Protein chains: 2
Amino acid sequence: MTGESDLASLGALVGDRVRAALLLRLLDGGATTASELAAAAGASASLTSSHLRRLLEGGLVSVTTSGRHRLYRLAGVEVAEMLEAMQLVAPETPVTSLRGERSRRRLRRARLCYDHLAGVLGTAVTDGLVTRGAVVLADGAALGERAEEVLGEVGLDLAPLRARERRLLRECTDWTERRPHLAGAVGAAVATRMIDSAWVVRRPGSRGLDVTADGAAGLEEWLGLRLRDLDGWRETAPGLAG
Amino acid sequence: MTGESDLASLGALVGDRVRAALLLRLLDGGATTASELAAAAGASASLTSSHLRRLLEGGLVSVTTSGRHRLYRLAGVEVAEMLEAMQLVAPETPVTSLRGERSRRRLRRARLCYDHLAGVLGTAVTDGLVTRGAVVLADGAALGERAEEVLGEVGLDLAPLRARERRLLRECTDWTERRPHLAGAVGAAVATRMIDSAWVVRRPGSRGLDVTADGAAGLEEWLGLRLRDLDGWRETAPGLAG
DNA sequence: ACGACGCTTCAACGGCGGTTGAAGCGTCGC
DNA sequence: GCGACGCTTCAACCGCCGTTGAAGCGTCGT
């Protein structure tokens, strides 16, 4: 019993409706105010505050105070990875409303998984990188021969990434797609690049993403991706923002 | 809220002292009787039974009945991976007793992580495979040029593994060592081989492993591993069984 | 400086869930 | 077949934790 890791208290920490909603909301990797978190979790300010305090004490989130706002974020990559691993096991909550169904589909289409792309878009970009020889997913995950070249086309330089101690590539099994997508330093860099170039924009108050017209064009040129043709893409309304 | 995965109920399921102990006990990947699980969790038979029922309903464990015994095991790899991811985040329970300290050290030294090696032994074997060019951990995880040859030396054939749909290589960050070790189909095959050749033996009632004299000799010959010289190995008593 | 606002703290309530012990049920050994 | 055994089920108790509403505290606008 003793000397083991304390799974029980960690599980209990995640095992509350409100706290789980807070963690999922924070899974976009951003810093979020307490009030926005309250809204996202559908809970009162006081309740949210007490739950955030417990998440803080449990080391799952960190906080930086900025003026009269307190910005919460996930405590680190391990927390995000843990949440992803849990989502892979957790059953889906039944969809009750039309709103819920729409937001579920949007989330499935494109979202941030802490710092990299996930959803249909995430797996498609990964597939595209594989096709173009930038990434190899045969045995495990490795950089392909054309990695420098392909990533360079969108202005990504591998050198600074290699310098960091963080693992370059990591596979992350997508919760909705049940297929691997690209994570690690390279996955994060690709996501950052796409946000910076406004190929995708964050959907306010969610970890969901919208692909812009620029993004659709850019992805087709860069990786030969035709978003419209992807499984699970057209299920929803237009899908292009901006 | 709706359309998300139900993290909360999953967390709550893990978030109980007894259930967490049961899951950790099952993390050796084996099938275990209800009574042994009760003993491991330090709970009464009836209590254990009710908890196992909930784990069953939650899809975390599966059961096969054999005579008057019921054999429980983890429901799948995803569950094991989730538990590993959680252990990486969970704090360690404070060690209270001498017994606890000894078992903790033994666990740290060598154990099964569902189907592959973990602990000091797990990372050391992984390092050895990297050194010998069977595995590359530079960017992600991939087979090295000498994979066939090196694995062949202990009678492992990659062909049947490739045929399976399961990913060949996966990195699994070790909870105690905080470093990657080898998982995936290859990691599982290596562990199975070592158990079959009696290089290591399961410690009864635990996921801990003991290295035999044969194993120590074999590992030195195969990978040039000198167990005695490993960090964290000699902290404990002899360490050789059989 | 004043009030509005963002957020936290506190005390009190209510209910879910863990725990127990005894009874029930099927399986194995003699 | 009988009893021992492995395991599960049930009813009842009890404690903890999530929830609420109001009060407190620091920060920002004017």
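The shown structure was predicted, so the numbers you read here are calculated from the model rather than taken from an experiment. Throughout, protein chains are lettered first and strands after them, A, B, ... in sequence-line order, and every chain is numbered starting at 1.
Straight-line distance from the CG atom of Leu71(B) to the P atom of dT27(C): 15 Å, rounded to whole Å. To the nearest angstrom, P of dC13(C) lies 19 Å from CG of Leu47(A). Spacing between atom NE2 of His69(A) and atom C1' of dG29(D) amounts to 12 Å, rounded to whole angstrom units.
Closest contact between the side chain of Asp16(A) and the listed nucleotides dT19(D), dT20(C), dT9(C) involves dT19(D). For Arg54(B), counting side-chain heavy atoms from C-beta on, the closest listed nucleotide (dT9(C), dT8(D), dG17(C)) is dG17(C). The side chain of Ser49(B) sits closest to dT9(D) out of dT9(C), dT9(D), dC28(C). The side chain of Val18(A) lies closest to dT19(D) when the candidates are dT8(C), dT19(D), dC28(D).
In this model, the phosphate group of dT8(C) is approached by a side-chain N or O of Tyr72(A) to a distance below 4.0 Å at OP1 or OP2. Of the side-chain N and O atoms in Arg17(A), one or more sit less than 4.0 angstrom from OP1 or OP2 of dT19(D).
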CA sep, side-chain torsions, deciding dist, call: Thr212(B), Val200(B), side chain to side chain contact (heavy atoms under 4.5 Å, CB included)
CA-CA 6 Å; Thr212(B) 63; Val200(B) 297; over 6 Å; no
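A salt bridge is defined here as a Lys NZ or Arg NE, NH1 or NH2 lying under 4.0 Å from an Asp or Glu carboxylate O, and Glu171(B) with Arg170(A) fails to meet this definition.
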Counting only pairs under 3.5 Å, give me each side-chain donor-acceptor contact of residues 44-55 of chain A, with atom names and distances, residues two or more places apart or in other chains.
residue, atom, partner, partner atom, Å
Ser44(A), OG, Ser46(A), OG, 3.4
Ser44(A), OG, Leu47(A), N, 3.2
Thr48(A), OG1, Ser44(A), O, 2.7
Ser50(A), OG, Leu47(A), O, 2.9
His51(A), ND1, Arg19(A), NH1, 3.1
Arg53(A), NH1, Glu57(A), OE2, 3.0

Enumerate donor-acceptor pairs with a distance under 3.5 Å from any side-chain N or O in residues 178-191 of chain A to protein atoms, sequence neighbours excluded.
residue, atom, partner, partner atom, Å
Arg178(A), NH1, Leu88(A), O, 3.4
Arg178(A), NH2, Leu88(A), O, 3.1
Arg179(A), NH2, Asp127(A), OD1, 2.9
Arg179(A), NH2, Asp127(A), OD2, 2.8
His181(A), ND1, Asp174(A), OD2, 2.8
His181(A), NE2, His116(A), NE2, 3.2

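Thr48(B) comes within contact range of no nucleotide atom at all, as no heavy-atom separation falls under 4.0 Å. Within 4.0 Å of Ala34(A), counting heavy atoms only, lie sugar-phosphate atoms of the nucleic acid but no base atom.
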